[in-house]
There are 2 protein chains.
Amino acid sequence: MAKQQLRPQRTDWRRNHERLLGVASVLVARDGAQVSLEKIAREAGVGSATLHRHFPSRRALLEEVFQGIVERLRQRAGELAGGDPRTGLVTWLEELTVCAANTRGLAAWLAAEAGDGPPDGETCHVVMREAAAVLVERALSVAAVRPGLSPEDLLTLAEAVSLVTEDDPAAARRLLHLALDGVRP
Amino acid sequence: MAKQQLRPQRTDWRRNHERLLGVASVLVARDGAQVSLEKIAREAGVGSATLHRHFPSRRALLEEVFQGIVERLRQRAGELAGGDPRTGLVTWLEELTVCAANTRGLAAWLAAEAGDGPPDGETCHVVMREAAAVLVERALSVAAVRPGLSPEDLLTLAEAVSLVTEDDPAAARRLLHLALDGVRP
DNA sequence: CTACGATATGGGGTGCCCCTCCGTTTGTCC
DNA sequence: GGACAAACGGAGGGGCACCCCATATCGTAG
């Protein structure tokens, strides 16, 4: 999206790009999304200028770091769309929260991504919205959930739960079900 | 808590303390909880060393900044404990989320405060836990909510909603009620 | 195989930030 | 009004994000 493919990127460019992404994945998972960019560059064995050339903002870096995970969740939504609408939706939300609990920084990323930056159409944020929308529509169509339920709101809620229970999958599941079931007797 | 009252603090100490807190409130509300501490000191007309002497960590500063707001929420919980248990609980949670939506940084503070730092007993985090516990116990005692409902989990959920809807009171209310009602038809 | 131009790199500089040291000022008490 | 503790603030060390430009590397045309 940033580079036109007129000329394919040079091999050292590709090599450094992969190296940076790999290191970034590890360090973000270990230290959170606020890791020093210079530390990533140092660990990858490249100058900080190179990192900034490959990823003009922290945002761009995280976008690529989380892309793989988000892609898997999108595919999973596709699979679950074939089964029971209600359990499919719940299962997917569960997997989302567990996944976020195991991937430090992902929850904050999905929840906060809206707002700033260039609105290119395939951000992690957008991908998740679309995946959630499909499952919610299906559940709505067979009245498995309350009519009027907003996919956007439901996903935001699940992301909120993930955000606040980072690193604690058990709490994540508990809070998600609390939110899905409500507090009525 | 930090200073023994053997000798009352000097007047310039008190003056600077208040000035710093006032400026911090304004800047945190305007720029979020990540404001530069140096900017706060500069705006207050004191050296950065003075700020660090008054507040050894950002944590300590935010704790005092939010103390007033949290105190009001505590009192409000006390008032609401006199009325209908179910609406009291819901009303209080609503007021919490709206308050957080209007006070940038508060939600993150309440949600994230657990874990690190010295466990002195009167942090904002603890105050909120106690206030919520009273209201939930009352609601449980008249079966106004599902048995087994955990005050801790419910409050964490409300804080999660606040966290993810910062600056958008309408969305905050919507998500809170979604979570309280669940998704069933 | 070589030479050349486009592409990519990284050291070093700037500006901001957190935090601490230490010489100086200010308030308080007699 | 003087002495002493309390409080202050400038300056500096260490770190980070981001940018500039001289240098090195890749890919290819001859």
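Atoms considered below: every heavy atom in the structure, side chains included; atoms not considered: hydrogens, waters and symmetry mates.
- Residues from residues 42-52 of chain B lying near DNA chain C, meaning a heavy-atom separation below 4.0 Å, are R42(B), S48(B), A49(B), H52(B) in numerical order.
- If you check distances only, the side chain of R10(B) never reaches the base of dT28(C) with a donor-acceptor pair under 3.5 Å.
- Residue N16(B) has a polar side-chain atom (N or O) positioned under 4.0 Å from OP1 or OP2 of dC8(D).
- Using modelled atom types, one finds no donor on one side chain facing an acceptor on the other under 3.5 Å when comparing H17(B) with Q9(B).
- Using a 3.5 Å distance cut-off with no hydrogens or angles, the side chains of T50(A) and R19(A) do not pair a donor with an acceptor.
- The interatomic distance linking L37(A) (CG) with dC16(C) (P) rounds to 19 Å, in whole Å.
- Atom pair I40(B):CD1 and dC16(C):C1' shows a separation of 15 Å (rounding to whole Å applied).
- As judged by a 4.0 angstrom heavy-atom cut-off over every strand, R58(B) is placed among residues touching the sugar-phosphate backbone only.
- Taking atom CG of residue D12(B) and atom P of nucleotide dA6(D), one finds them 13 Å apart after rounding to whole Å.
- Judged purely by distance below 3.5 Å, without hydrogens or angles, the side chains of R30(A) and S25(A) never pair a donor atom with an acceptor atom.
- Taking only distance into account, the side chain of R53(B) meets the base of dG9(D) through a donor-acceptor pair shorter than 3.5 Å.
- Between F66(B) and W109(B), the ring planes lie tilted relative to each other; the angle falls in the 30° to 60° range.
- Mapping P56(B) and H17(A) onto DNA chain C via the closest heavy atom, the residue that lands nearer the 5' end is H17(A).
- Residues T165(B) and D168(B) have side chains that never bring a donor and an acceptor to within less than 3.5 angstrom of each other.
- Ranking dT28(C), dC18(C), dA17(D) by closeness to the T11(B) side chain, first place goes to dT28(C).
- Between the R174(A) side chain and the D153(B) main chain, no donor and acceptor come within less than 3.5 Å of each other.
- Nucleotide dC18(C) holds its P atom 12 Å from the CG atom of L62(B), rounded to whole Å.
- The nearest whole Å value for the distance from the CZ atom in F55(A) to the C1' atom in dC19(D) is 18 Å.
- Hydrophobic clustering (ILVMFWY, side-chain heavy atoms < 4.5 Å, transitive): L157(B) and V134(B) are in distinct clusters.
- Per the geometry, CZ belonging to R15(B) stands 10 Å off C1' belonging to dC8(D), to the nearest Å.
- The distance from atom CG of L27(B) to atom P of dC17(C) is 12 Å, rounded to the nearest whole Å.
- Taking atom CG of L61(B) as the reference point, atom C1' of dC18(C) lies 13 Å away to the nearest angstrom.
- The side chain of Q9(B) approaches dA7(D) more closely than any other nucleotide in the set dA7(D), dA17(D), dA8(C).
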